[in-house]
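Reviewing the structure listed below.
First the proteins, then the strands, lettered A, B, ... as listed; each starts at 1.
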2 protein chains.
Amino acid sequence: MSPKPVSRSTRRTRRPQHATIRDVARAVGASISTVSAALNGTDYVSAAMRAKIEAAVQQLQYRPNDLARGLRLRRTHTLAIVVPDLSNSFYAEIVRGMKDYTAAANYTVLVGDSRERWAEEKLFLEMLHRRRVDGVVRVPAGDGNASQAAQVLGTIPVVYADRYPEADHPVAAWVGVDNARAAMDATQYLISLGHRRIAIISGPTTTRTAAERLEGYQRALRAIGAMHKEYIRNGELDMAGGARQAIELLTQAKPPTAIFCANNTMTLGALEAIQQLGRACPREISLLGFDDFAWSTLLRPRLTMVRQPAREIGMTAGRMLIDTIEERTRNRATQTLPTQLMVRDSCAPPLRP
Amino acid sequence: MSPKPVSRSTRRTRRPQHATIRDVARAVGASISTVSAALNGTDYVSAAMRAKIEAAVQQLQYRPNDLARGLRLRRTHTLAIVVPDLSNSFYAEIVRGMKDYTAAANYTVLVGDSRERWAEEKLFLEMLHRRRVDGVVRVPAGDGNASQAAQVLGTIPVVYADRYPEADHPVAAWVGVDNARAAMDATQYLISLGHRRIAIISGPTTTRTAAERLEGYQRALRAIGAMHKEYIRNGELDMAGGARQAIELLTQAKPPTAIFCANNTMTLGALEAIQQLGRACPREISLLGFDDFAWSTLLRPRLTMVRQPAREIGMTAGRMLIDTIEERTRNRATQTLPTQLMVRDSCAPPLRP
DNA sequence: GCGGGCAGCCAAAACGATTCGAGCTTGAGT
DNA sequence: ACTCAAGCTCGAATCGTTTTGGCTGCCCGC
């Protein structure tokens, strides 16, 4: 059985797609090892040779193929972030922060939008696994059972931002704010203005942050014995959800004098509802929101809101991720960043306290 | 030029990172060719074997390595889009449209933000080349000389969105709107309300769309002999730029009775300036903007704006790109989508016409 | 009994990079 | 004169896929 050298290639129609390292090597009459060493500075290469190679690279417009590189190196220099809603400026800002930070360390980031659905998030995570990203930061979808993520991601490092993981990876890294505390402070601010009938529009209780904010709100009101169940609403996190809950609250027999909204989109919905019902804000009804956004000062009234350091959250998540990837795990596994109450015009003392 | 010393470390620590097709083959006692054929359905594989393979895939949590795949296939199923400002909801919406459309065709998209600077865009495009993306849609940075893109992208297909290419690729695909026409219509609307002293705040003339909108505005005013150079302003495209120009316009001796802003961020800036100067809009000054956004109805007054079909622009760009990549070039090379004047509350007849 | 088609499987050659080990000159140290 | 290291270069293995051509039975029609 002699293995005969068969000329098996029938097609010779090979259009030259991109220049390869081999083309560069051929152009300067060197081996590809030498070219590689020259380009990466990883071994001795004479100055003359280096110059010739650099010229050839320019002339051939050679760009290394990162697929081949990643395959060999087992590193793609790619990260990813998945958020529940990209059109929400809060998450957009987190993404931006992460991109800015990681770009400086020469990482590319893929961004995914789960639309609050684990099914969509899972699809995205599977794609990330196939692409062998070096790490991912998750703001898990709020519809529960996001703890299967460990399965689909395998050994890829994960950092959580904003929302807590739920007993997911054993030692999960996380960065975010103290939501209970921030909500409590906000509620106490309303109390200090004289409000007693304070409502909250919160998200679904499967969303960790929503649950914590509700908790903080309750703690503040319980302390003065002013908690009433009919003022607690949870619903969808979007604008329509906020509007619907606000209308229900304001049209009931004994409406609240202040509404605390647990995220930014719902706050906008509530504002829309208030205007639609012809109520004067803040004279007749005070509105306090969560998650600030850039153009909140353009609205009338200018909204009083709890500001989260979105950009810093994204940057920190990126930093924590890169640190674990590159095995400088010097930093703590969890980081809590400060919030800030941006007092503007949408809250005032109640008409009849 | 001293070459650096090299430490040739001999690490033999090979942790089993991810399951490979070889692992699957070994598990079922088949060859990798058979596994590949089974998974891709590209050749005969017995039902029994197929079942065994599928079981092994599940058990090993095998996910094909897209790097190796892309290397072999010379296709990455990755697209990219680069826009001048991601925090501008107009571009964000284009990106979203493209993502939605291309996701259905199983493409991933990388998104880049050039911040209106060619230097940044170039960096991003070079990265795309190294990653061998299958195609890219560009909204070129507005600071000129973006025509070097062909060089850095090599043979990678390009589709332009919103802004025109400037004699870039020979047969450039493009999708956008008729900016001159839209601006002319908008200006004529202001004229029909009785305005004669109409100002425009436009972007830098290196930005093609800005130039076209200015052109349309001029055409409308020239037709009634009401064009005055002191009412024409170009500046930065951001909010601060819009505010600055608006203040200059409104504080001059014979201020305009209406301002036409050539993009959305400048419109917001102008609105801010108007409020800051204590002018009543629309009673004292009418404001008409370009590029609608989702929450424009939350502002008071609700802004009258020219709406571009941003989402459709993104989807169409995605479609055109995929069509060229997959060589179904059945569609025209350039597509013009319709605009719409969203008449709301920020324009009214002038006090003294 | 023989040619031929088909179902099922496999070995090996790409794809384009990095890296290990080794070979070959020089020049210096002893 | 001999050894040794440094400087420079190269061949070959490797990363994890797809794909091509070929091999083996087996059944079918004659």
Ignoring backbone atoms, establish whether [X] has a side-chain N or O less than 4.0 Å from OP1 or OP2 of [N].
| X | N | value |
| --- | --- | --- |
| A:Y62 | C:dA17 | yes |
| B:R50 | C:dG8 | no |
| A:S33 | D:dT9 | no |
| B:R75 | C:dC15 | no |
| B:R72 | D:dT19 | no |
| B:Y44 | C:dG8 | no |
| A:N40 | C:dT18 | yes |
| A:S31 | D:dC10 | yes |
| A:R69 | C:dT18 | yes |

Options C:dA7, D:dT17, D:dT9, nucleotide nearest the side-chain atoms of B:P64: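 Nearest to the side chain of B:P64 among the choices is D:dT17.
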Ion pair present between A:E116 and A:R163, side-chain N to carboxylate O less than 4.0 angstrom?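 Here A:E116 pairs with A:R163 in a salt bridge, since their nearest N and O are under 4.0 Å apart.
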Decide side chain to side chain donor-acceptor pair (under 3.5 Å) for B:S33 and B:S36; before the verdict, give the C-alpha distance in whole Å, the side-chain angles of both, and the deciding distance to 0.1 Å. CA-CA 5 Å; B:S33 338; B:S36 175; over 6 Å; no
Quick one: CZ on A:R132 to CZ on A:R74, what's the gap to the nearest 0.5 Å?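 Interatomic distance, A:R132 CZ to A:R74 CZ, rounded to 0.5 Å: 9.5 Å.
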Could you state the interatomic distance from CG (B:L153) to CD1 (B:I156), rounded to the nearest 0.5 Å?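 The CG atom of B:L153 sits 5.5 Å away from the CD1 atom of B:I156.
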Which residue, B:L71 or B:S46, contacts DNA chain C at a nucleotide closer to its 5' end, judged by nearest heavy atom?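 Residue closer to the 5' terminus by nearest nucleotide: B:S46.
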A:T102 side chain vs A:M98 backbone, donor-acceptor pair below 3.5 Å: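 Indeed, once roles are kept as given, a pair shorter than 3.5 Å links the two residues.
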Contact class for [X] (heavy atom, under 4.0 Å): base, sugar-phosphate, or nothing?
| X | answer |
| --- | --- |
| B:S36 | base |
| B:I32 | base |
| B:A37 | nothing |

Would you call the rings of B:H77 and B:Y107 parallel, tilted or perpendicular, where under 30° means parallel and over 60° means perpendicular?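 It falls in the parallel class, under 30°.
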What is the separation between atom [atom1] on [X] and atom [atom2] on [N], rounded to the nearest whole Å?
| X | N | atom1 | atom2 | answer |
| --- | --- | --- | --- | --- |
| A:R22 | C:dA13 | CZ | C1' | 13 Å |
| B:L39 | D:dG16 | CG | P | 16 Å |
| B:R74 | C:dG16 | CZ | C1' | 9 Å |
| A:R63 | C:dA17 | CZ | C1' | 17 Å |
| B:R26 | C:dC10 | CZ | C1' | 16 Å |
| B:M49 | C:dC9 | CE | C1' | 7 Å |
| B:L73 | C:dA14 | CG | P | 17 Å |
| B:R130 | C:dT18 | CZ | P | 12 Å |

Most 5' of B:D43 and B:N65 on DNA chain D, judged by nearest nucleotide: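 Final value for this comparison: B:N65.
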